[in-house]
Every structure is written in C-alpha cells, then in structure tokens.
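From a predicted model like this one, the values you see are computed outputs, not experimental measurements. Atoms within each ligand, like the ligands themselves, are counted from 1 in listed order. FYI, the numbering just counts along the sequence from 1.
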Amino acid sequence: MKKALIIGGGFAGCSTAHMLALEGGWDVTLVEAGPFLGGGCKTLYWGGHPYTFGPRHFLTRNEAAFAYLDKYCPLRRCADHVFLTYVERDAAFYSYPIHRDDIERMPDRDQIHRELAERPTHIAPTDFEDFWIKSVGRTLYDKYINTYSTKMWQVGNNTEIDTFNWSPKGVTIKDGPREAWDIAISAFPKAANGYDDYFALATASAKVLLNTRVDAYDLPNKSVTLAGERRSFDIIVNTIPPDTVMNYAYGELPFIGRDFLKIVLPVEEVLPSNIYFLYYPNQEIFTRIVEYKKFYRGHKSPTTLLGLEIPSNNGRLYPLPIKRHRDLADRYFADMPDGVFSIGRAGSYRYEVDIDDCLEQSMDIVAKLR
Ligand SMILES: Cc1cc2nc3c(=O)[nH]c(=O)nc-3n(C[C@H](O)[C@H](O)[C@H](O)COP(=O)(O)OP(=O)(O)OC[C@H]3O[C@@H](n4cnc5c(N)ncnc54)[C@H](O)[C@@H]3O)c2cc1C
C-alpha cells in the first residue's frame, strides 16, 4: 500500500481521503487539530438550531463536482435564493451582484448613468478600487463595494488590494434574472446534520487522528514527526496554511479571521423565503447575516437562528488577495517537491477557493497520481 498523509480534516482533507479510498491502494492518515472533521462546514448547534460558521452553501458550475457530492451527500437545490445587499445611504435593499433594474430605483440614477456612460473601459485597472470604478463608476462602487471591501480585508483603502480579476460573484453588473446563481448550481445537503455524514463516510477507511498536530514538518523530504515518531509518506496533502507546514521559513502569511455572533429570535422565520442571507456594505461591523433555517430546511422550531460574521483577527480564514502575500505563498509552494500538494482555501492561499474548488483540487490530485 502507498502511504498518504493528509493535514487538516476540513472539506479539502476529507474529500481527498475519500477520493484516494475510491481509487484504492492507499493507506491514508489524516491529522486534524480540532475535535471533529469538516472544519468550517461542520454542523454545530445553538439553542437546538443547526448552523455552520458562515453559509457554506454549495455553489458550482462544475457538474462533475456537483454529481460527486450529490452522490455521497444528497443535495437539495436552493436556486431561488436572491442575494441582497443593504445600501444604507439609500435606505434600500438591492440585489447583489448589482442589478441594472435596481439602478432605476436609486435617487442618484442620473449620476450613475453618466458614470456608466463615461467608463474608460479601454484602460487596464491598476487595483481593486480602480477595477470597480472602471467597471461600475464611483457612485455604485461607494454604495456596494467600497466599505464592504475595506472592512472585509481590514485595509485603510481598497487601492491596497492589487489583485482584482476575481470579481466576487464573477460579474459586476447583472441583467436578467435576479437569482444570483442562475448561471451556477446552488445547493445544500438534505441531511439534518448538513455535510457531517459525508465527512464520516469520506474518511471511513482512513486513520483519522483528531485533536492532533504534527510535531515537526519536513515536507521537502515528505516526512513529518507524529506522536514523537518520524514518518515518511509517498504523498502529503496539505490543507492548512503553507507557512505552517514549511516552518515559516520565509515569514508568516497574513489572513483575516471572523468573529461569529449567534442571535435567536422569537419568530419561526425572519427573512422572506427566498432570502437565505444578506450582505451589509456600510459602517456596520458585520459583513453578512445568515438565517440558518433556510439551509437546514427540515429543522422545525418556533424560534430562528441568525449568524452574523464580523471580520477580525480571529482565525486564519481568508487569505488576502494582495500580490506580495500571494508571491510569498508561491515561494512556499515552489519548495514543495513532487508528491506534496497544498490545497483547500488556506492551503492554496487563495480566497476564491470554495467548497467546489476543494473537490476539484482533490479530483486533480487523484488524476495526477494515476
Ligand atoms: C465564514 C466563511 C464562510 C464560507 N462560506 C462558503 C460558502 O457559503 N460556500 C462555499 O463554497 N465556500 C464557503 N467558504 C469557503 C469554503 O467553506 C472553504 O473553501 C472550504 O470549506 C474550505 O475547506 P478547507 O478544507 O480548505 O478548510 P477548513 O474547512 O478551514 O478546514 C481546515 C481544517 O484544518 C484543521 N487544521 C488547522 N490547522 C491545523 C494543524 N496545524 N494541524 C491539523 N489540522 C489543522 C482545521 O481545524 C480544519 O478542520 C466560506 C469560508 C468562510 C471562512
């Protein structure tokens, strides 16, 4: 049997364990620092209400990733969901991505139309702020993007963000249907415990070590010290920040974390049925509010749980979309030999890695090993 070590038991770690098991011939050890599998996608409970840390719904244009997950973790489509943003200066909720029809409802629509007509689309943008102003004009940028992004990334000014070809929802201004995911599949597990049964199934044939950390990493030699013993592997799949597993040789990679506020309200449901969560791009300290009953459809209760996400230094959750930090991550990746893979959101050091990308990365590893 060939030996594989997986570091981190979130989506990326569990899906890789599963795909190696489906391939056969692998002896897999998975090391997870926490007391459970699933990382941020684990179902937790508050006042009897199931929730995850943030929405964690499954959005994808990758039909193979959808088919795989649906097979092992039956999914319910939630295509009716409309993303809404509260624009405080207009005292109005609008669709996100910015929708052309909403502009007609705005008090400053004439100014917005002038800015849209004057967009210098032929000049390449230099930074995130410049990208958005050139895409939608200053007024829409200030309403939807400016403060959201500075609080999200904890920067003084969005000109500090110098990568911008990852526009949050792939479009800047939208026409047509308001359902944000009419171009992708949007879904969440049918099971009452969300993705949890999948994490158990995915790792059923692996040696899972919970509450465990590697004592010492030697990834260039595909070895680690685990419970005091030096062990070598044929492959290592890392899903945690690359600086950690490379002994911070080039310094620490910055991340943004989240504080998470849970609020139970004495009503069965508080948001309209097609609104699962809301964005807040103003001076509020939070970026998003999720109503968890919208995802956990089978959950019945006379009360409802809301989760508020507040950007903070709590956790290494969001890799910064800033070039010098990505370059630093790339230095770490360059030192990893064949047979060492670094995947998942933190492991790739890419904000744009979502659940479907974790699956795609696991599929790619297994394909490369064939
Ligand atoms: C608040 C929030 C909301 C999100 N919502 C969505 C969404 O709605 N849809 C979507 O597609 N994506 C969403 N994402 C992104 C998506 O959830 C992630 O891309 C995906 O779940 C990441 O899986 P992962 O395995 O890379 O990381 P994680 O889920 O973070 O798992 C990493 C695991 O590694 C473990 N670990 C950490 N350090 C060590 C160590 N030293 N040794 C061993 N183990 C360690 C952790 O305990 C954790 O279990 C969200 C992300 C955040 C932060």
W153 and Y351 aromatic ring geometry - parallel, tilted or perpendicular at 30°/60° bounds: perpendicular
Plane angle bin for F83 and Y279 - parallel if under 30°, tilted between 30 and 60°, otherwise perpendicular: parallel
Q283 CD: over 12 foreign heavy atoms closer than 6.0 Å: no
Flag if over 12 foreign heavy atoms under 6.0 Å of CG, D327: yes
Short N or O contacts of ligand 1 with protein, under 3.5 Å, listed by atom name?
from     : atom 1 : to   : atom 2 : distance (Å)
ligand 1 : 5 (N)  : R56  : N      : 3.4
ligand 1 : 8 (O)  : R56  : N      : 2.7
ligand 1 : 8 (O)  : H57  : N      : 2.9
ligand 1 : 8 (O)  : H57  : ND1    : 3.0
ligand 1 : 9 (N)  : H57  : O      : 2.7
ligand 1 : 11 (O) : H57  : O      : 3.4
ligand 1 : 11 (O) : I355 : N      : 3.0
ligand 1 : 12 (N) : D354 : OD1    : 3.1
ligand 1 : 17 (O) : R56  : NH1    : 2.7
ligand 1 : 19 (O) : V353 : O      : 2.7
ligand 1 : 25 (O) : F11  : N      : 3.1
ligand 1 : 25 (O) : A12  : N      : 2.9
ligand 1 : 26 (O) : R345 : N      : 2.9
ligand 1 : 29 (O) : G40  : N      : 3.1
ligand 1 : 41 (N) : R213 : NH1    : 3.3
ligand 1 : 44 (N) : A33  : N      : 3.1
ligand 1 : 47 (O) : E32  : OE2    : 2.6
ligand 1 : 49 (O) : E32  : OE1    : 2.6
ligand 1 : 49 (O) : E32  : OE2    : 3.2

Check: E309 side chain, R288 main-chain N or O, donor-acceptor pair, under 3.5 Å: no
Sequence neighbours excluded, every pair satisfying salt bridge (charged side-chain N to carboxylate O under 4.0 Å, His left out) that has a member inside residues 63-82: none
